[in-house]
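To start, the structure itself, in structure tokens.
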Amino acid sequence: MQETFTKIFNNTASKTTKFFAPGRVNLIGEHTDHEGGFVFPCAIDLGISALAAARPEKTLRLYSMNFDSEFNSPFEISFDDVHEKLNINRSWVNYPLGVVNVLKSHGYKFNSGVDILYSGNLPDGAGLSSSAAIEVLTVKIFSGLLNFDIDGVNAAKLSQEAENNFVGMHCGIMDQFAVSMGKKNHAVLLNCSTLEYFYAPLELGDCKIVLANSNVPHSLVGSEYNLRRQQCENALKDIQAQKNISCLCELTQNELDEYSYCVNDPVDLRRAIHAVNENSRALRASEALKNGDLLTFGKLMNASHVSLRDFYEVTVKETDILAKLAWNFEGVIGSRMTGGGFGGCTVSIVNEKSVDKFIDEIGRKYKDLTGLKADFYITGSSDGAGKL
Ligand code: GLA
């Protein structure tokens, strides 16, 4: 990276600093963050690295070793000119630009130029939060180089704001929070309505976390995601006419049952049923993990997938196939799609001794059934983003 940095930015004068941001896998608690519920993700050991340096001329220069191989010069812009999302073929720059825009709106001053070289091994569009990783990473770079005083929780909030208001994806806080606040060997149980969080030791005994990337391009994710949020919002409004609540996940399963007659549209009701049940599953699963009860944890993961398939309707045929193959495989404790959905990855808890066979057999059957090649990652958990 140092060689590329020197070549691309023609900058030998500045001393570079290295930063890293992990991706995340959500173990359970899917599509509950935007409804004020609990999520249970962990930061993973795949992620995005960056080399960055400040320099006197007040422009921002960006280059990605993953996306920019056809260019031999960086993308360059004056900080004063960052106002809105750019419609260009180097569209990835909108993530760092979103961060600049949000930091400016919070009064942070860019008094020197910055060069940033990114390089990652996090598969793009796989539901492992590559966008949150680049956002939080960029916040950490600016705060590290320009001495902005931004703690981990605020880094997550500012990154989410960049994604919501600049990029236009109305995501919740989970991804940015996990990327910023993750802790090695722990998952984070986060209450998304208060941002209270607990680190739960990720004690999986002789099991491993195995991710299977369906490699389905998930182009619908932005619009369909925003539509799901809207449907939850509709259900909430309907229930609020009869009951004083501020978010769907305030309801217990029994209460939702009692007030289900208020929800006018059956589709909106299905979305609400998922959110409320999934919130309960996230709490029960984190409790099961605490008690060393992996079997219950696994069953709740399976149930989460079924609910995302039948009630929230964000799985695709390919992730359904991956989950089902895993459920029928001896040595799998539990398996479900993870992240926003519409493609992406499944996460499975697999007995160590069975991992090689799992990858081989499920990879082969998936190819036979879909014609697609799945990629597998055996992942550990990692610390949140920061300077290395
Ligand atoms: C995406 C969003 C998150 C969360 C998940 C679903 O990853 O960015 O905020 O809503 O989907 O749980």
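All ligand and atom numbering here is 1-based and tracks the order in the structure. Predicted, not measured: the structure shown is a model, and the values here were computed from it.
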Query - ILVMFWY cluster membership beyond Val136 - transitive side-chain contacts under 4.5 angstrom - result: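 Via sub-4.5 Å side-chain contacts, Val136 links to Val179.
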
Query - Mutual orientation of the aromatic rings belonging to Tyr225 and His31 [parallel < 30°, tilted 30-60°, perpendicular > 60°] - result: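 Ring orientation of Tyr225 relative to His31: tilted.
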
Requested in this report: For the residue pair Tyr261 and Tyr259, categorise the inter-ring angle as parallel (less than 30°), tilted (30 to 60°) or perpendicular (more than 60°).
Outcome: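 Geometry flag for Tyr259 against Tyr261: parallel rings.
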
Requested in this report: Compile the protein residues with any heavy atom at a distance under 4.0 Å from an atom of ligand 1; present them by chain, then by number.
Outcome: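 Within 4.0 Å of ligand 1, the protein residues are Arg24, Glu30, His31, Asp33, His34, Cys171, Gly172, Met174, Asp175, Tyr225, Gly339, Gly340.
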
Query raised in the report: So which pairs with a foot in residues 302-318 pass salt bridge (Lys or Arg N to Asp or Glu O under 4.0 Å), sequence neighbours left out?
Result: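 Non-adjacent pairs meeting salt bridge (Lys or Arg N to Asp or Glu O under 4.0 Å): Arg270-Glu313, Arg271-Glu313.
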
Report task. Sort and list the pairs that fulfil salt bridge (Lys or Arg N to Asp or Glu O under 4.0 Å) and have at least one residue in residues 85-106, not counting sequence neighbours. Result ->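 Qualifying pairs: Asp68-Arg90.
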
Query raised in the report: What's the shortest heavy-atom distance between Gly343 and Val316, and which atoms?
Result: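 What the structure gives for the nearest pair is N-CG2, 3.6 Å.
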
